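The next block holds one structure in the form of structure tokens; read it before the comments.
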Amino acid sequence: MGATGRKGAFNLAMKIKESGMKIGFIGLGNVGGKLSGSLLRNGVDLAVHDLEEGLVAKSVALGARKGVSPAQLMRTCDAVITCLPSPAASDAVMQEMLPEVKEGKIWMEMSTTDEAEVKRLGALVIDAGGAAVDCPVSGGCHRADTGNIAIFAGCARATFERILPLLTIMGRRVLHTGDLGSASILKVITNYLATANLVSVAEALTVAKGAGMDLATAYEAIRVSSGTSFVHETESQVILNGSRDISFTMDLVAKDIGLFQAVADRAQVPLQVNPLLIEIFNDGIARFGPRELSPNIIKRLEQATGLDITAPGFPAQMVDDEPEEAGAEVIVRR
């Protein structure tokens, strides 16, 4: 971490300490473990909980306190963050926490979830006297690991200002998206776009190989052209390496584009591309299993063509090489 970033993050952590806020974190998986790690790395007093004791032990070794249960975290903390794999998991945790919600408590939902569901659960929190925020992240696990990821936050402005110091420790760019639920809509929109790009990148690389192009040259041609994108500059690299390890699985992609479809259906917007993406990933899950790494959607094309879409010189995993910096609110131009 650069000196400026460390100083900025330290000052934000000091603000949290001076305010007396106690933070709980539930869900220490691929994303949650990294986000909670940013809080711990920057000196935030944190209690954690997860069904997997090994993940809890790892976090405790980094300085976290072990939480007994979701209810205990809500009872003893001012803000509780959830980062869970499904809306059903968030609902189960909320049912445990809800009796402990009182005036001044904050629930921060960092899971990728359904807009309607986060509004439903958030209303329960608000009715009990607390505040609710949906604040999912976007930008890849490698950036979650360094505190350089982007964060969307949907909530009342007063609540946003209370939690902004926390969010700017976990992320570099923090956008207040409007009311509760708005962040979840934007999150599944961005994940839809990333999925569409992943499938198109897989097709582009396979066509390049089939046409006899050198894949390293093809990667660079796309990178320096109008065809480039965040997905190409990250996922194409692990595709070409052969590891396909982007810390994301096919079942999670299917969940996200299913949530995007639900938003479109409620808005009565007829879609053409997303139903095809759902079909493609359902086929990938049927062939390779739900926990297959998502970039391995290219295996459908490798199997159909007999081509090997790999090349030397590409990394097995993405690492964020930008220095960690204290985050800031993104101001929307109007």
Side-chain angles (χ1 to χ4, degrees), residues 26-37 50-52 54-55 58 82-90 92-93 109-114 117 136-145 149 184 187-203 205-206 229-262 274-303 309-310 314-320:
I26 301 172
L28 303 173
N30 277 336
V31 177
K34 294 175 174 61
L35 296 173
S36 61
D50 194 282
L51 294 177
E52 291 192 29
L55 297 177
K58 181 179 178 181
T82 51
C83 191
L84 299 163
S86 69
S90 291
V93 166
E109 172 65 291
M110 299 195 80
S111 318
T112 299
T113 191
D114 179 57
E117 181 66 359
V137 300
S138 184
C141 282
H142 61 301
R143 289 185 177 173
D145 201 26
I149 203 161
S184 292
K187 168 63 174 176
V188 298
I189 287 173
T190 62
N191 278 19
Y192 155 72
L193 290 169
T195 303
N197 201 182
L198 173 60
V199 170
S200 64
V201 159
E203 292 188 349
L205 292 175
T206 306
S229 65
F230 175 83
V231 169
H232 174 64
E233 293 180 17
T234 55
E235 299 198 44
S236 288
Q237 295 203 62
V238 297
I239 285 173
L240 292 171
N241 171 273
S243 76
R244 280 77 195 267
D245 185 1
I246 207 69
S247 298
F248 209 68
T249 52
M250 290 190 183
D251 58 337
L252 294 178
V253 173
K255 180 198 78 170
D256 290 352
I257 57 180
L259 292 172
F260 175 72
Q261 187 66 47
N274 195 58
L276 180 57
L277 293 176
I278 291 172
E279 181 181 331
I280 288 170
F281 270 89
N282 284 342
D283 180 63
I285 288 169
R287 293 190 194 199
F288 313 123
R291 303 304 293 168
E292 179 63 83
L293 293 164
S294 56
N296 261 330
I297 200 68
I298 198 171
K299 286 169 66 176
R300 297 171 69 253
L301 294 170
E302 288 179 314
Q303 290 180 348
I309 313 303
T310 60
F314 291 91
Q317 290 182 314
M318 297 309 303
V319 176
D320 184 13

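Values in this document were obtained by computation on a predicted structure and should not be read as measured data. Sequential numbering from 1 along the given sequence is applied to the chain's residues.
Between the side chain of Lys255 and the backbone N or O of Pro87 there is no donor-acceptor pair closer than 3.5 Å. Checked by atom type and distance alone, the side chain of Ser111 never pairs as donor or acceptor with a backbone atom of Thr113 at under 3.5 Å. With hydrogens and angles disregarded, no donor-acceptor distance shorter than 3.5 Å links the side chain of Ser236 to the backbone of Glu233. The main-chain N or O of Gln317 is never found under 3.5 Å from a side-chain atom of Asn241 such that the two would form a donor-acceptor pair.
In this structure, CG on Asp50 lies 8.0 Å from CG on Leu84, to the nearest 0.5 angstrom. Rounding to the nearest 0.5 Å gives a distance of 12.5 Å between CD1 of Ile189 and CG of Asp256. Here Arg143 contributes atom CZ and Ile149 contributes atom CD1; the two are 8.5 Å apart, rounded to the nearest 0.5 Å. Taken to the nearest 0.5 Å, the CG atom of Asn30 stands 5.0 Å off from the NZ atom of Lys34. Going from atom CG of Asp283 over to atom CD1 of Ile280 covers 8.5 Å, rounded to the nearest 0.5 Å.
Of all heavy-atom pairs spanning Leu28 and Ser36, the tightest one is CD2-OG, 3.6 Å. Between Ser138 and Thr190, the closest heavy-atom pair is OG-OG1, 3.9 Å. What you find for Ile239 and Pro295 is that their closest heavy atoms are CG1-CB, 3.7 Å. Contact record, Asp114 with Ala262: OD1-CB, 4.4 Å, taken as the closest heavy-atom pair. What you find for Val188 and Leu259 is that their closest heavy atoms are CG1-CB, 3.7 Å. Smallest separation of non-hydrogen atoms from Arg291 and Leu252: NH1-CG, 4.4 Å.
Within 6.0 Å of atom NZ in Lys58, 12 or fewer heavy atoms from other residues, nucleotides or ligands are found, so the atom counts as exposed in its surroundings.
Put simply, the side chain of Leu293 does not reach to within 4.5 Å of the side chain of Ile246, judged on heavy atoms. With a 4.5 Å cut-off on side-chain heavy atoms, Asp145 and Asp320 do not count as touching. Residues Val201 and Glu235 fail the side-chain proximity criterion, which asks for heavy atoms closer than 4.5 Å. In this structure, the side chains of Cys141 and Val31 come closer than 4.5 Å at one or more pairs of heavy atoms. Looking at heavy atoms from C-beta onward, Arg287 lies out of side-chain contact with Lys299 at the 4.5 angstrom threshold. No side-chain heavy atom of Glu279 sits less than 4.5 Å from a side-chain heavy atom of Asn282. The closest side-chain heavy-atom distance from Phe260 to Thr195 is not below 4.5 Å. Proximity of Val253 to Phe248: side-chain heavy atoms (C-beta onward) are separated by under 4.5 Å at one or more points.
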For the pair Leu35 and Met110, evaluate side-chain contact (heavy atoms from CB on, under 4.5 Å) and give the outcome as yes or no after the intermediate values. CA-CA 10 Å; Leu35 296 173; Met110 299 195 80; 3.9 Å; yes

Is there a side-chain contact (heavy atoms from CB on, under 4.5 Å) between Phe288 and Arg300 once you walk through the steps? CA-CA 9 Å; Phe288 313 123; Arg300 297 171 69 253; 3.8 Å; yes

side-chain contact (heavy atoms from CB on, under 4.5 Å) between Leu301 and Ile309: does it pass, once the steps are laid out? CA-CA 9 Å; Leu301 294 170; Ile309 313 303; over 6 Å; no

side-chain contact (heavy atoms from CB on, under 4.5 Å), that's the test. Do Tyr192 and Asn274 meet it? Break it down for me. CA-CA 7 Å; Tyr192 155 72; Asn274 195 58; 3.3 Å; yes

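Taking the charged nitrogens against the carboxylate oxygens, Glu109 and Lys187 have no contact shorter than 4.0 Å, which rules out a salt bridge.
Residue Ser229 forms a side chain to side chain contact (heavy atoms under 4.5 Å, CB included) with just one option from Leu198, Thr234, Asn197, Leu193, and that option is Asn197.
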